[in-house]
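Within every chain, numbering begins at 1; the chains are lettered A, B, ... in the order of the sequence lines, protein sequences first and strands thereafter.
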Amino acid sequence: MRAAVVAAPRGLRRFFCTNSSSASPSFPFIPSPPSSATPAPARQMADPNTNLFVSGLSKRTTTEKLREEFSKFGEVVHARVVTDRVSGYSKGFGFVKYATIEEAAKGIEGMDGKFLDGWVIFAEYARPRPPPGQPVNDNAPQYGRQ
DNA sequence: CGTGAGCGA
């Protein structure tokens with residue numbers, strides 16, 4: 001099913017941005033942040049953290065399988081496949097928490113765009129999540145709203 | 001519709 005390839009989020013950057021050599025032999029960096037408008041929404045990927053967001057999982061992929069696959073690239077502190085409380089089935093994505101950021105990067109580079117249960121999975125840094133310790137306050141929305 | 005975009009009880 002090529003639908004999985006079409007439904008790829010930001011993970012397809014690897015296929016188009018096949019950089020490696022002959023990138024920019026003149027400018028190692030880009031010293032032009034405030035050019036004119038904001039052509040860089042920076043919404044491609046969240047900040048590097050030990051939390052990983054894995055998408056493209058098969059419906060039959062469970063937390064154990066996810067932890068097993070990601071444990072090969074580093075020590076997985078916590079892994080969870082998001083499932084519905086009422087139905088009980090997987091939502092098709094999950095989260096993997098590594099011990100360090102380097103291991104998280106290894107997990108992304110090692111499992112992003114790979115196959116799992118016959119489906120192409122995509123791994124990237126997860127977004128920050130509000131801790132469940134704070135009780136309800138005003139209708140203050142989360143900062144992670146796009 | 002367990003037929004596929006996405007961020008978690």
Side-chain angles (χ1 to χ4, degrees), chain A residues 1-21 23-24 29-30 32-146:
Chain A
M1 294 145 183
R2 54 185 178 268
V5 186
V6 182
R10 291 80 78 177
L12 288 179
R13 51 191 164 74
R14 307 180 58 188
F15 298 97
F16 295 100
C17 192
T18 54
N19 61 336
S20 291
S21 54
S24 47
F29 293 96
I30 306 178
S32 56
S35 32
S36 49
T38 51
R43 63 186 175 186
Q44 189 176 36
M45 182 179 289
D47 298 332
N49 46 9
T50 56
N51 233 11
L52 256 60
F53 171 67
V54 186
S55 53
L57 297 176
S58 180
K59 303 298 178 158
R60 61 208 97 190
T61 306
T62 177
T63 305
E64 304 175 346
K65 181 72 181 217
L66 191 69
R67 183 174 221 155
E68 271 185 51
E69 293 300 314
F70 278 81
S71 294
K72 300 185 298 187
F73 299 94
E75 182 171 330
V76 178
V77 181
H78 183 221
R80 164 187 354 312
V81 172
V82 180
T83 52
D84 193 83
R85 276 282 105 164
V86 296
S87 28
Y89 294 107
S90 302
K91 291 184 179 178
F93 62 93
F95 292 89
V96 176
K97 177 86 176 291
Y98 275 102
T100 56
I101 304 182
E102 355 178 296
E103 292 177 331
K106 288 293 183 181
I108 293 181
E109 294 297 323
M111 292 300 298
D112 181 39
K114 298 303 173 62
F115 281 90
L116 189 58
D117 268 350
W119 283 87
V120 186
I121 69 175
F122 294 100
E124 56 183 320
Y125 297 105
R127 297 172 180 164
R129 219 205 122 166
Q134 296 293 332
V136 294
N137 279 341
D138 308 333
N139 51 344
Q142 306 167 192
Y143 46 86
R145 186 171 185 176
Q146 61 179 10

Asks: Looking at A:Ala126 and A:Ala46, what are the two nearest heavy atoms and their distance?
Replies: O-CB, 3.8 Å
Asks: Kindly point out which of B:dG2, B:dA9, B:dC7 is positioned nearest to the side chain of A:Arg127?
Replies: B:dC7
Asks: Is any side-chain heavy atom of A:Glu124 less than 4.5 Å from a side-chain heavy atom of A:Asp112?
Replies: no
Asks: Could you name each residue pair satisfying salt bridge (charged side-chain N to carboxylate O under 4.0 Å, His left out) that touches residues 63-72 of chain A, not counting sequence neighbours?
Replies: A:Glu69-A:Lys72
Asks: Rounded at 0.5 Å granularity, tell me how far NZ in A:Lys106 sits from OG1 in A:Thr100.
Replies: 11.0 Å
Asks: What's A:Leu57 touching, base or sugar-phosphate or nothing? Going by heavy atoms closer than 4.0 Å.
Replies: base
Asks: Mind calculating the distance between CZ (A:Arg60) and C1' (B:dT3) to the nearest angstrom?
Replies: 12 Å
Asks: Under the 3.5 Å rule, do the base of B:dG8 and the side chain of A:Asp84 count as making a donor-acceptor pair?
Replies: no
Asks: Quick one: on DNA chain B, does A:Ala126 or A:Ser58 contact a more 5' nucleotide (nearest heavy atom)?
Replies: A:Ser58
Asks: Counting a pair only when it is Watson-Crick or G-U and both distances are under 3.5 Å, which runs of at least 3 such pairs involve DNA chain B?
Replies: none
Asks: Taking the side chain of A:Ser55 as its heavy atoms from C-beta onward, which of B:dG8, B:dG2, B:dG6 lies nearest to it?
Replies: B:dG6
Asks: If a pair satisfies ring pair (Phe, Tyr, Trp, His ring centres under 6.0 Å) and one of its residues is in residues 84-113 of chain A, list it, with sequence neighbours excluded.
Replies: A:Phe53-A:Phe93, A:Phe53-A:Phe95
Asks: Can you tell me how far C1' of B:dG4 sits from NZ of A:Lys59, to the nearest Å?
Replies: 5 Å
Asks: So does A:Asp47 have more than 12 non-hydrogen atoms from other groups sitting under 6.0 Å from CG?
Replies: no
Asks: In whole Å, what is the span from the CH2 atom of A:Trp119 to the C1' atom of B:dG6?
Replies: 14 Å
Asks: For A:Asp117, which residues count as a side-chain hydrogen bond (donor to acceptor under 3.5 Å, both in side chains) partner, sequence neighbours excluded?
Replies: A:Thr61
Asks: Considering only side-chain heavy atoms of A:Phe53, which listed nucleotide, B:dG8, B:dT3, B:dG6, is closest?
Replies: B:dG6
Asks: Under the ring pair (Phe, Tyr, Trp, His ring centres under 6.0 Å) rule, collect the residues that match up with A:Phe73, sequence neighbours excluded.
Replies: none
Asks: Which residues within residues 88-96 of chain A lie with some heavy atom under 4.0 Å of an atom in DNA chain B?
Replies: A:Tyr89, A:Lys91, A:Gly92, A:Phe93, A:Phe95
Asks: Can you tell me how far P of B:dG8 sits from CG of A:Leu52, to the nearest Å?
Replies: 16 Å
Asks: So which atom in A:Asn49 and which in A:Ala104 form the shortest heavy-atom distance, rounded to 0.1 Å?
Replies: O-CB, 3.6 Å
